[in-house]
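Each chain gets a letter, A, B and so on, in the order its sequence line appears, and its residues count up from 1.
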Amino acid sequence: MQQDLVHAIKSNPKYHELISKRSRLAWILAIIMLVIYYGFVMIIAFNKQFLAQPLWEGATTTIGIPIGVGVILSAFVLTGIYVIRANSEFDRLTNEIKEEVL
Amino acid sequence: MKLWKNVAACILLSLVAGAALAAGDVGEVKKQSLNITAIVMFLIFVAATMGITYWAAQRTKTAKDFYAAGGGITGFQNGMAIAGDYMSAASFLGISGLVFINGYDGLIYSVGWLVGWPIIMFLIAEQLRNLGKYTYADVVSYRFQRVPMRTMAATGSLVVVVLYLIGQMVGAGKLIQVLFGLDYTYAVIIVGILIVLYVTLGGMLATTWVQIIKACLLLGGATIIAFGALYLASDGSFSLERMFQRAVEIKKSNDIMGPGKLVTNPVEAISLGLALMFGTAGLPHVLMRFFTVPNATEARKSVFYATGFIGYFYILTFLIGFGAIVLLTGHPEFADPSAVGGIRGGQNMAAVNLAAAVGGNLLLGFISAVAFATILAVVSGLTLAGASAISHDLYANVWAHGNVNEQKEVQVSKMATLALGVIAILLGIVFEKQNVAYLVGLTFSVAASANFPILIVSVFWSKMTTRGALLGGWLGLLSSTLFVVLGPTVWVDVLKNSAPIFPFKNPALFSMTIAFVGIWLGSITDNSENAKKERASFEAQDVRCQTGIGAEGAASH
């Protein structure tokens with residue numbers, strides 16, 4: 001990519017808006033995922049009994065089942081949140097930048 | 001609109017599968033029809049995929065067609081294909097087998113394998129699409145010295161591909177042995193021959209459609225087994241609680257309902273978690289799929305769809321494992337006291353035996369054919385990724401310094417495919433007796449330590465230099481491989497030594513740390529002219545990465 005094009009893009013305020021918004025969202029969601037998953041792993045490592053408790057009085061189903069399935073669902077939901085914002089707002093910003101500089 | 005077209009295609013495929021079921025029915029009359037049903041269905045699959053391969057071969061002319069299906073795959077199709085690549089027979093048979101033996105522990109693996117996908121979405125997918133062309137080595141060599149970076153990235157790819165291949169080939173051999181009564185050796189040879197045909201003739205386009213068909217069949221088949229088993233195991237009430245109750249009664253212990261012996265020590269738990277989460281982002285055959293879509297928008301959609309399909313699939317494997325506990329244990333027709341887990345074919349055959357318990361020989365035949373198809377699809381994807389590392393990275397960019405014509409490069413890729421097919425067969429034979437689920441775990445450690453660190457750092461850290469990347473990348477690859485070899489899984493279980501030299505089964509915590517520290521240390525101490533140039537060119541790389549301006553587009557034809 002030519003240097004002048006790089007400068008034109010980098011001096012466009014929308015480029016900075018795009019970068020800051022996207023990296024903020026991406027890192028926040030990534031950290032949420034890490035916290036959820038490592039929270040789960042830490043419970044397994046340090047407090048197995050917590051997950052082995054019955055879900056309700058006398059149940060065979062344990063708390064660990066909805067928690068495990070919940071982690072799977074959270075992964076799906078988090079990618080959904082990202083794709084909705086990225087494919088609307090971020091793509092719109094990217095296209096505006098392209099129109100302005102190219 | 002497109003989505004519905006795809007959904008319709010899937011439904012159509014299921015109908016074809018239904019027709020296949022009916023066709024297999026003819027053989028039902030005779031008592032030995034079990035094999036015939038499975039073989040007929042499998043042959044239908046092979047015939048259909050060969051037809052697709054022929055169709056794809058007509059459309060595969062350029063290198064871009066061969067490696068990236070011309071860049072014209074949609075997000076939904078790619079999401080299906082990624083799911084097809086990722087839902088391996090090892091995870092289908094391995095995880096349901098793990099749940100069958102250990103209960104809840106199987107879910108821990110599933111969860112780990114799934115949470116890698118959001119990470120790919122947030123940090124890797126669009127970056128990869130915007131910077132690369134055919135392989136992930138394109139991205140890690142973007143602003144660095146081509147020859148050493150490509151050599152390292154290709155080596156990392158090949159090690160991962162070969163390790164993953166072992167698991168797949170072993171699964172294939174076992175499955176066909178149980179099902180068709182065919183010798184293990186013949187089984188792996190058949191797999192080897194078929195995948196070489198798919199990949200050399202149809203390239204990425206054929207591989208993609210094989211993945212999509214297989215994903216439809218596998219999700220459909222697993223859904224039938226899982227809910228059929230839930231129905232039977234819960235006495236017709238579809239109550240999870242009832243199924244769990246019966247499973248606990250049969251196992252005579254509550255242990256299966258909570259985390260057990262799979263994760264016994266916190267270091268192993270963290271390390272396994274890291275390997276599963278970040279290993280996905282270091283699998284060359286998965287990364288390669290992002291070059292088949294036209295732009296970052298479609299790349300993101302693919303991850304979203306893939307995450308949904310894969311998550312649903314893992315929930316099914318959990319149901320299948322518990323269903324197998326209830327419906328297989330204590331039934332003499334499925335018993336084999338000499339095998340692992342006490343069932344025919346060993347613990348990895350829990351899902352296959354359960355298919356027979358739920359839907360008789362017909363479903364058994366169908367699921368066996370699907371599992372075989374799954375292996376073929378995953379092995380094709382792996383082989384294509386390995387062949388690309390050899391032809392695009394090692395041959396075209398390292399050996400010929402980029403001065404090579406496309407036709408020649410594709411030719412080399414086809415020869416590499418053939419060689420990998422032979423290697424896959426040999427490895428399948430050597431590793432016959434290993435547990436496939438653990439082998440996949442090991443693959444992820446290497447992918448997380450060797451490929452993922454250089455990929456992510458090259459995209460996000462402006463100060464990385466070639467020297468840092470090489471130091472970290474090689475250290476990650478060597479340390480993870482060495483720790484695996486010296487650890488309990490290989491040193492004790494395979495090589496029969498009495499005690500492991502490296503104490504942990506899961507080395508990712510250590511080998512990833514070594515890789516990142518190596519990259520950092522090698523980069524900050526690098527004051528060469530080259531290093532300055534590489535740091536300066538981060539700006540242009542970052543702009544392309546963020547906006548996609550200058551990125552490889554879809555083929556125009």
Side-chain angles (χ1 to χ4, degrees), chain A residues 1-3 5-7 9-10 15 18-19 22-23 25-30 32-34 36-38 40-46 48-55 59-65 68-69 71-76 78-80 82-84 86-87 90-91 94 97-98 101-102, chain B residues 104 107-108 110-112 114-123 126 240-248 254-255 257-260 262-270 272-273 277 296-297 300-301 303-304 306-308 310-312 314-315 318 539-544 546-550:
Chain A
M1 196 181 287
Q2 299 102 342
Q3 210 51 43
L5 182 58
V6 170
H7 284 300
I9 296 168
K10 287 202 82 166
Y15 179 71
L18 171 71
I19 301 225
R22 180 169 52 206
S23 56
L25 181 69
W27 286 107
I28 287 175
L29 292 175
I32 292 175
M33 190 71 251
L34 283 167
I36 291 175
Y37 178 53
Y38 276 95
F40 180 63
V41 171
M42 287 298 121
I43 296 174
I44 293 166
F46 291 107
K48 287 189 174 51
Q49 277 317 306
F50 176 79
L51 293 172
Q53 296 172 68
L55 192 54
T60 309
T61 312
T62 51
I63 288 180
I65 307 277
V69 173
V71 179
I72 291 180
L73 290 179
S74 73
F76 182 60
L78 291 176
T79 55
Y82 184 80
V83 88
I84 287 170
N87 283 7
F90 302 159
D91 275 355
T94 308
I97 295 166
K98 282 183 186 167
V101 300
L102 291 181
Chain B
Y104 193 83
L107 192 62
I108 301 172
S110 305
V111 166
L114 191 73
V115 293
W117 286 100
I119 298 301
I120 290 188
M121 170 73 107
F122 308 144
L123 306 177
E126 53 194 289
L240 280 172
E241 171 68 14
R242 181 74 195 117
M243 179 168 76
F244 292 146
Q245 274 172 6
R246 286 187 61 187
V248 167
N254 256 328
D255 292 351
M257 296 309 298
L262 177 76
V263 182
T264 42
N265 121 11
V267 177
E268 292 277 19
I270 296 168
L272 174 68
M277 190 167 202
T297 311
R300 291 185 205 111
K301 278 191 206 161
V303 188
F304 174 65
T307 310
I310 297 166
Y312 173 64
Y314 283 144
I315 292 172
F318 189 66
E539 200 179 34
Q541 176 194 302
D542 194 42
V543 167
R544 171 164 162 177
Q546 300 281 2
T547 60
I549 293 171

Task: Most chain A-contacting option - heavy-atom pairs closer than 4.5 Å, from A247(B), S110(B), G112(B), G116(B) - done: G112(B)

TODO: Pick whichever of L123(B), V248(B), V303(B) has the most heavy-atom pairs under 4.5 Å with chain A.
DONE: L123(B)

- [ ] Test V115(B) against every option in Y37(A), Y38(A), F40(A) by the side-chain contact (heavy atoms from CB on, under 4.5 Å) rule and name the one that passes.
- [x] Y37(A)

Task: Test ring pair (Phe, Tyr, Trp, His ring centres under 6.0 Å) applied to Y82(A) - qualifying residues, sequence neighbours left out - done: F122(B)

TODO: Name the region of T94(A), side chain, backbone, both or neither, that has any atom closer than 4.5 Å to a heavy atom of chain B.
DONE: side chain

Open item on the list: Quick check: do L5(A) and I549(B) have side-chain heavy atoms less than 4.5 Å from each other?
Closed with: yes

TODO: Please tell me if the side chains of I65(A) and Y104(B) come closer than 4.5 Å, counting only heavy atoms from C-beta onward.
DONE: yes

- [ ] Could you pull out the closest heavy-atom pair between Y314(B) and I72(A), with the gap in Å?
- [x] CB-CD1, 4.3 Å

Open item on the list: Heavy-atom cut-off 4.5 Å, strictly under: side chain, backbone, both or neither for F50(A) against chain B?
Closed with: neither

TODO: For chain B, find which of S23(A), A26(A), A52(A) contributes the most heavy-atom pairs closer than 4.5 angstrom.
DONE: A26(A)

Task: Partners passing ring pair (Phe, Tyr, Trp, His ring centres under 6.0 Å) against F318(B) (at least two apart in sequence or in another chain) - done: F322(B)

Task: Heavy-atom closest pair, residues G68(A) and V111(B) - done: O-CG2, 3.6 Å

- [ ] Please determine, among G258(B), G548(B), G273(B), the option with the most heavy-atom pairs under 4.5 Å with chain A.
- [x] G273(B)

Open item on the list: So which residue, A75(A), S74(A), G80(A), ends up with the most heavy-atom pairs under 4.5 Å with chain B?
Closed with: A75(A)

- [ ] Below 4.5 Å from any heavy atom of chain B, which atoms of L18(A) appear? Answer side chain, backbone, both or neither.
- [x] side chain

Open item on the list: Would you compute the distance between atom CG of L51(A) and atom CG of L107(B) and round it to the nearest 0.5 angstrom?
Closed with: 10.0 Å

- [ ] For the residue pair I270(B) and M42(A), establish whether any side-chain heavy-atom pair is separated by less than 4.5 Å.
- [x] yes

Task: Closest non-hydrogen atom pair between A269(B) and V41(A), with its separation - done: O-CG1, 3.5 Å

Task: pair L34(A)-M277(B): side-chain heavy atoms closer than 4.5 Å - done: yes

Task: Which atoms of D91(A) approach chain B - backbone, side chain, both or neither, heavy atom under 4.5 Å - done: side chain

Task: Heavy-atom side-chain proximity of E126(B) to R22(A) below 4.5 angstrom - done: yes

- [ ] Any chance you could lay out the side-chain contact (heavy atoms from CB on, under 4.5 Å) test for V69(A) and I315(B), step after step, and finish with the verdict?
- [x] CA-CA 7 Å; V69(A) 173; I315(B) 292 172; 4.0 Å; yes

Task: Closest heavy-atom pair and its distance - V83(A), K301(B) - done: CG2-N, 3.9 Å

- [ ] Could you walk me through whether Y15(A) and V543(B) pass side-chain contact (heavy atoms from CB on, under 4.5 Å), step by step?
- [x] CA-CA 9 Å; Y15(A) 179 71; V543(B) 167; 3.5 Å; yes

Open item on the list: Measuring from atom CZ of F90(A) to atom OG1 of T547(B), what distance do you get when rounded to the nearest 0.5 angstrom?
Closed with: 14.5 Å

- [ ] Select, from T297(B), D542(B), L114(B), the one with the greatest count of heavy-atom pairs under 4.5 Å involving chain A.
- [x] T297(B)

Task: Distance in Å, T307(B) OG1 paired with L73(A) CG, rounded so as to fall on 0.5 Å steps - done: 12.0 Å

Task: Interatomic distance, E539(B) atom CD to I9(A) atom CD1 [nearest 0.5 angstrom] - done: 10.5 Å

- [ ] Return yes if some donor-acceptor pair links the side-chain N/O of T60(A) with the main-chain N/O of F244(B) below 3.5 Å, else return no.
- [x] no

Task: Partner of T61(A) under side chain to side chain donor-acceptor pair (under 3.5 Å), chosen from E241(B), R242(B), Q245(B) - done: E241(B)

Task: Residue pair G260(B) / K48(A): nearest heavy atoms and the distance that separates them - done: O-CE, 3.2 Å

